Amino acid sequence: MTRKRIVITGIGGLCSLGVSAPEIWASMRAGRSGIGEITNAPLYELKVRIGAEIKSLPENVLDRKRTVTMDRFSLLAALAAGEAIRNARLDVAEADGSRIGAVVGTGIYGADTAEVNYRAVLLEGRSRAEIFTVPKIMPGAPAGQVSMVYGLRGPVFGVTSACASSNHAFASAVDQLRLGRADVMIAGGTDAPLVYGVLKGWEALRALARETCRPFSADRDGLVIGEGAGMAILETWDHAMARGAPILAELSGVGMSGDATDIVAPTVEGPVFAMRACLADAGLAPEEIDYINAHGTGTKANDQIETAAIRRVFGSHADRLSVSSTKSMHAHCMGASGALEMIACVMAIRDGVVPPTANYRERDADCDLDVTPNVAKVRPVRAAISNGFAFGGTNAVVAFRAV
């Protein structure tokens, strides 16, 4: 039986780099960082004062009766999904909504709602929480809200695996399409973690950078937290061709693995297995990959281990790869990171441009790949992979190729 090909017909996103996929890509190409002082949330006594926030949202065209039931992470997801639907020229009202679904990844929960309600009850003495607190904070809320806003009645669910959530969402959506449960899936990730409680937890881990995110640079000192959302319209090849949809790229394969070792410390073996599984699923040889959007968090351990894993998978071809971490610009948006990095991969294939690793200053002998320091590189990109590795040792890798 011939396996169904899965293509991307529309993308959408918003983060500190812009409030649309074209704006995000323009910032990435320019090596422009969206990291700066957090101004939209009270930080109280936090030592951490930097993040990558969306300073202002686009004018909200969603029904206010719907938005009052949404936490910020659901709102971001719905806005990104709307852009992707428009770009894909997908008329849901004219299509069979029961054959269109949504799967949205998130790293945590509706943090803004939780923060407001905890403070109201515990510090301000209110007698009860806001009525929509539970449906707003649940991790599955973004997928449900996207479904309700756009009338999607196919498979709808959320996935959560920390920083690998977006890539697991893509993998889950691909499965729905290959199994014939849907013709179209909206897939991606969202997170809005720039609130006191979440940042306080990250501060305790001592993993946060003091100035900015410098992946692969010898003077890197940690990651930066950001917010955002990214979405892709995934369709079977036959469905996309039948409706004359614009095809941006093929999502050709996915690979997943578990480290099965430590809740926070990564291994080399887990990422190696996930990358190899992804290449096998995509039917791609290592030599066919031109670009890797690295997980590249800017922590000492992650960047060195990811470099070692890439060298083990790609052998001598690793020296011919272009690698970059766009987290150097949009920061670590947790459950949304893989979806924003999907935008980078798709547009790198479309434009033949590899976005840079920004903020790079010093060579690290243990990170000896071509990490595209500071300046974008013009080169043909026939195929790319995006790495997503997470606390809990959950790894998910997605492959894209030109059509």
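Here the structure is a predicted model, which means the values were calculated and not measured.
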Enquirer: With a 3.5 Å cut-off and no angle check, do the side chains of Glu269 and Ser257 form a donor-acceptor pair?
Expert: no
Enquirer: Working to the nearest 0.5 Å, report the span between CZ of Arg210 and CD1 of Ile50.
Expert: 10.5 Å
Enquirer: Under a 3.5 Å cutoff, is there a donor and acceptor pairing between the side chains of Ser217 and Asp219?
Expert: yes
Enquirer: So Phe170 and Phe400, would you call those rings parallel, tilted or perpendicular, with 30° and 60° as cut-offs?
Expert: perpendicular
Enquirer: For atom CZ of Arg126, decide whether the heavy atoms of other residues, nucleotides or ligands shown that lie under 6.0 angstrom number more than 12.
Expert: no
Enquirer: Take Glu83 and Arg86 through the salt bridge (charged side-chain N to carboxylate O under 4.0 Å, His left out) test and state the conclusion after the steps.
Expert: CA-CA 5 Å; Glu83 181 191 359; Arg86 292 189 297 273; 5.7 Å; no
Enquirer: Around atom CD1 of Ile131, are there more than 12 heavy atoms from other residues, nucleotides or ligands closer than 6.0 Å?
Expert: no
Enquirer: I'd like to know if the side chain of Thr39 pairs up with that of Lys55 as donor and acceptor (distance under 3.5 Å, no hydrogens or angles considered).
Expert: yes
Enquirer: Charged N to carboxylate O below 4.0 Å: is that the case for Asp319 and Arg311?
Expert: yes
Enquirer: So, do Glu45 and Tyr196 sit near enough that their side-chain heavy atoms are less than 4.5 Å apart?
Expert: yes
Enquirer: Find the distance between CZ (Arg320) and CG (Leu369) and round it off to the nearest 0.5 Å.
Expert: 13.0 Å
Enquirer: Kindly check if the number of other-residue, nucleotide or ligand heavy atoms within 6.0 Å of OH (Tyr118) is above 12?
Expert: no
Enquirer: Would you kindly say whether Glu130 and Thr113 are connected by a side-chain donor-acceptor distance under 3.5 Å?
Expert: no
Enquirer: Using atom types as modelled and distance alone, determine if a side-chain donor or acceptor of Thr106 lies under 3.5 Å from a backbone N or O of Thr190.
Expert: yes
Enquirer: Assess whether atom CZ of Phe314 is packed by more than 12 heavy atoms of other residues, nucleotides or ligands within 6.0 Å.
Expert: yes
Enquirer: Where does the angle between the aromatic ring planes of Trp202 and His332 fall among parallel (under 30°), tilted (30 to 60°) and perpendicular (over 60°)?
Expert: tilted
Enquirer: Donor-acceptor pair, distance only, cut-off 3.5 Å: does the side chain of Asp303 make one with the backbone of Phe216?
Expert: yes
Enquirer: Inspect the contact between Asp183 and Arg243 and indicate whether a charged nitrogen and a carboxylate oxygen are less than 4.0 angstrom apart.
Expert: no
Enquirer: Is the NZ or CZ atom of Arg181 both under 6.0 Å from the centre of the six-membered ring of Phe157 and within 45° of that ring's axis?
Expert: no
Enquirer: Regarding Tyr360 and Thr372, do their side chains bring together a donor and an acceptor under 3.5 Å, going by distance alone?
Expert: no
